[in-house]
There are 2 protein chains.
Amino acid sequence: MGRPKQFDPDVAVEHAMDVFWRKGYAGTTPQDLVDAIGIGKGSLYNTFGSKHALFERALRCYHDSQAVALIEMLDEPGPVKARLRKTLEFLAEMDLADPDRRGCMAVNTAAELAGTDQVATELVQRMFARTEDAFRALIEEGQRSGEIAPERDPAALGSLLLNTVVGLRLLARVTESPDRLVRVIDATVGSL
Amino acid sequence: MGRPKQFDPDVAVEHAMDVFWRKGYAGTTPQDLVDAIGIGKGSLYNTFGSKHALFERALRCYHDSQAVALIEMLDEPGPVKARLRKTLEFLAEMDLADPDRRGCMAVNTAAELAGTDQVATELVQRMFARTEDAFRALIEEGQRSGEIAPERDPAALGSLLLNTVVGLRLLARVTESPDRLVRVIDATVGSL
DNA sequence: TCAGTTCTTGACTTCAAGGTCAAGAATGGT
DNA sequence: ACCATTCTTGACCTTGAAGTCAAGAACTGA
């Protein structure tokens with residue numbers, strides 16, 4: 001009952017995610033958000049309560065769309081190392097092709113809000129932990145298939161790969177030529 | 001001639017660096033800066049011109065103090081791998097021991113301002129390039145001393161180590177236990 | 001059709017960010 | 001002693017960030 005919403009909150013969150021991703025939390029204004037979403041400020045606050053609450057939803061949206069997509073990409077068929085390389089190359093190309101050079105929203109959020117924003121910090125921690133787990137699982141699969149030496153520690157390699165991705169996506173924000181990222185990917189995959 | 005300054009601008013920049021490092025560029029207010037420096041707002045703007053100009057000086061100060069210290073640490077005597085391990089462990093311990101979890105100011109700046117702030121972006125690029133060079137030089141030294149296989153590509157390993165450090169310092173901002181960072185360091189040094 | 005409810009808009013409010021400026025203080029030169 | 005110069009302070013200014021609210025629109029059930 002009552003007047004129905006004239007917009008889809010989930011779509012609005014996606015637009016908000018875009019803005020926060022590009023400009024950061026402090027760098028985004030309510031005006032930016034209503035412009036991007038296409039609603040009035042009243043609707044914005046009536047629906048989401050506060051800038052911070054909307055940011056939290058945007059971060060969760062990022063997790064559900066982007067972070068999960070990464071993990072799913074690792075699950076495709078084929079040899080483990082090839083999948084890994086393809087995923088890393090895909091991330092690097094994607095980041096470099098983005099005209100806004102937004103990189104990874106989780107990485108950006110960690111850099112901006114870790115320590116000062118409990119909620120955001122925990123969400124980022126969860127995304128990182130899941131990514132690390134996915135890499136560890138991939139390593140274990142590679143060990144079962146004989147592609148990766150069984151004496152290597154999967155947890156260590158999982159952490160290493162998480163660290164590699166975090167570094168790559170940060171470096172992608174300030175690196176113009178893809179050479180450096182390609183070298184990182186080559187050296188990383190080659191070390192497995 | 002004229003009234004002499006009541007404060008040392010270089011010391012003021014160091015204090016400003018502390019604040020920007022902890023709160024980011026957008027998150028820092030002129031009030032934060034005058035409080036940290038201990039001068040009036042007029043002196044602040046009379047001396048530095050703008051918040052952005054002061055940030056630029058703070059970033060250069062970071063480069064001259066922190067980034068250069070890293071590079072010098074790599075130049076100490078001893079076996080190459082031991083030096084590298086010690087440096088990485090030192091960074092990780094330092095970042096985890098910091099109650100504010102500020103991580104690396106260059107990394108934070110890349111995440112916040114890459115793409116939107118030309119000056120800051122270039123300064124960060126320069127810091128990253130110098131660090132990468134120092135790592136490459138270290139690898140080459142290790143190859144001359146026989147510690148590192150001569151067929152490895154020093155440029156690739158330099159990029160890899162830069163990427164590792166960037167990742168470590170970002171992860172240090174959201175990682176509570178040191179285990180993950182230790183695993184990353186072990187796996188990285190072990191792969192050389 | 002009317003009552004109750006929920007949504008929408010945008011003007012409005014409050015507060016602070018970023019910066020300016022006038023008044024006066026501390027110097028050196030003459 | 002006085003002047004030009006530079007520095008210092010804090011009140012002041014303008015703008016915009018973040019959020020609120022009154023008025024009205026669109027819906028549902030009775």
Side-chain angles (χ1 to χ4, degrees), chain A residues 1-61 108-109 112-113 116-120, chain B residues 1-61 108-109 112-113 116-120:
Chain A
M1 61 175 72
R3 179 174 176 173
K5 275 207 197 315
Q6 307 291 80
F7 65 99
D8 182 341
D10 290 335
V11 173
V13 169
E14 285 175 28
H15 289 157
M17 177 187 77
D18 260 11
V19 180
F20 282 127
W21 191 354
R22 181 156 41 84
K23 313 184 78 166
Y25 179 70
T28 298
T29 71
Q31 196 56 50
D32 292 332
L33 293 167
V34 299
D35 288 349
I37 298 173
I39 58 176
K41 244 198 266 184
S43 296
L44 203 260
Y45 280 89
N46 175 48
T47 303
F48 300 109
S50 70
K51 178 186 171 187
H52 189 270
L54 178 54
F55 179 72
E56 185 182 336
R57 288 196 58 172
L59 244 195
R60 291 184 190 279
C61 174
N108 299 349
T109 301
E112 183 183 2
L113 299 178
T116 64
D117 184 327
Q118 188 66 28
V119 175
Chain B
M1 62 175 71
R3 178 173 179 174
K5 275 209 199 312
Q6 306 291 84
F7 65 99
D8 182 341
D10 290 334
V11 174
V13 169
E14 286 175 28
H15 290 188
M17 177 187 76
D18 260 11
V19 180
F20 282 128
W21 192 351
R22 181 156 40 85
K23 313 184 78 166
Y25 179 70
T28 298
T29 71
Q31 196 56 47
D32 292 331
L33 293 167
V34 300
D35 288 348
I37 298 173
I39 59 176
K41 242 197 268 189
S43 295
L44 205 259
Y45 280 89
N46 175 46
T47 303
F48 300 109
S50 70
K51 178 186 170 185
H52 189 271
L54 177 53
F55 179 73
E56 184 181 337
R57 287 196 57 172
L59 244 196
R60 291 184 191 280
C61 175
N108 299 349
T109 301
E112 183 183 2
L113 299 178
T116 64
D117 184 327
Q118 188 66 29
V119 174

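In the text below, chain A, chain B and the rest are named by the order of the sequence lines, each starting its count at 1.
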Tell me, with the steps shown, if A:L59 and A:F20 meet side-chain contact (heavy atoms from CB on, under 4.5 Å). CA-CA 9 Å; A:L59 244 195; A:F20 282 127; over 6 Å; no
Nearest whole Å is fine: how far is C:dT8 P from A:I37 CD1? 12 Å
Integer-rounded Å distance: C:dG10 P and A:D35 CG: 12 Å
Do the side chain of B:D32 and the main chain of B:T29 share a donor and acceptor less than 3.5 angstrom apart? yes
Can you check whether A:T47 has a side-chain N or O nearer than 4.0 Å to OP1 or OP2 of C:dC7? no
Ignoring hydrogens and geometry, is there a side-chain-to-backbone donor-acceptor pair from B:E112 to A:G24 under 3.5 Å? no
Strictly below 4.0 Å: does B:Y45 bring a side-chain N or O up to OP1 or OP2 of C:dT20? no
Can you find an N or O donor on one side and an acceptor on the other, under 3.5 Å apart, linking the side chain of A:K41 with the base of D:dG19? yes
Return whichever of B:N46 or B:G2 has its heavy-atom-nearest nucleotide of DNA chain D closer to the 5' end. B:G2
Nucleotide D:dT8, atom C1' - distance to CZ of B:F48 in whole Å: 14 Å
What do the steps show when you test B:D10 against B:R57 for side-chain contact (heavy atoms from CB on, under 4.5 Å), and what is the final call? CA-CA 9 Å; B:D10 290 334; B:R57 287 196 57 172; 3.3 Å; yes
Let me know the distance between CG of A:D32 and P of D:dG19, rounded to the nearest Å. 14 Å
Minimum-distance nucleotide (side-chain atoms of B:P4 versus C:dT8, D:dA26, C:dT27): C:dT27
Any idea which of C:dT8, C:dG19, D:dA17 is nearest the A:P30 side chain? D:dA17
Picking from D:dA18, C:dT8, D:dT9, which would you name as closest to the side chain of A:R3? C:dT8
Using a 6.0 Å distance limit plus a 45 degree cone around the ring axis, check whether B:K51 lies over the aromatic ring of B:Y25. yes
Toward the 5' end of DNA chain D, which comes first, A:A26 or B:L44, by nearest nucleotide? B:L44
What is the distance, rounded to the nearest whole Å, between atom CD of B:Q31 and atom P of D:dA11? 11 Å
Could you tell me how far apart A:Q6 (CD) and D:dG24 (P) are, to the nearest whole angstrom? 18 Å
I need the CG-C1' distance between A:L33 and D:dA18, as an integer number of Å. 11 Å
Students often get this wrong, so: under 4.0 angstrom with heavy atoms, is B:T29 touching a base, only sugar-phosphate, or nothing? sugar-phosphate
Is any side-chain N or O of A:S43 closer than 4.0 Å to OP1 or OP2 of C:dT9? yes
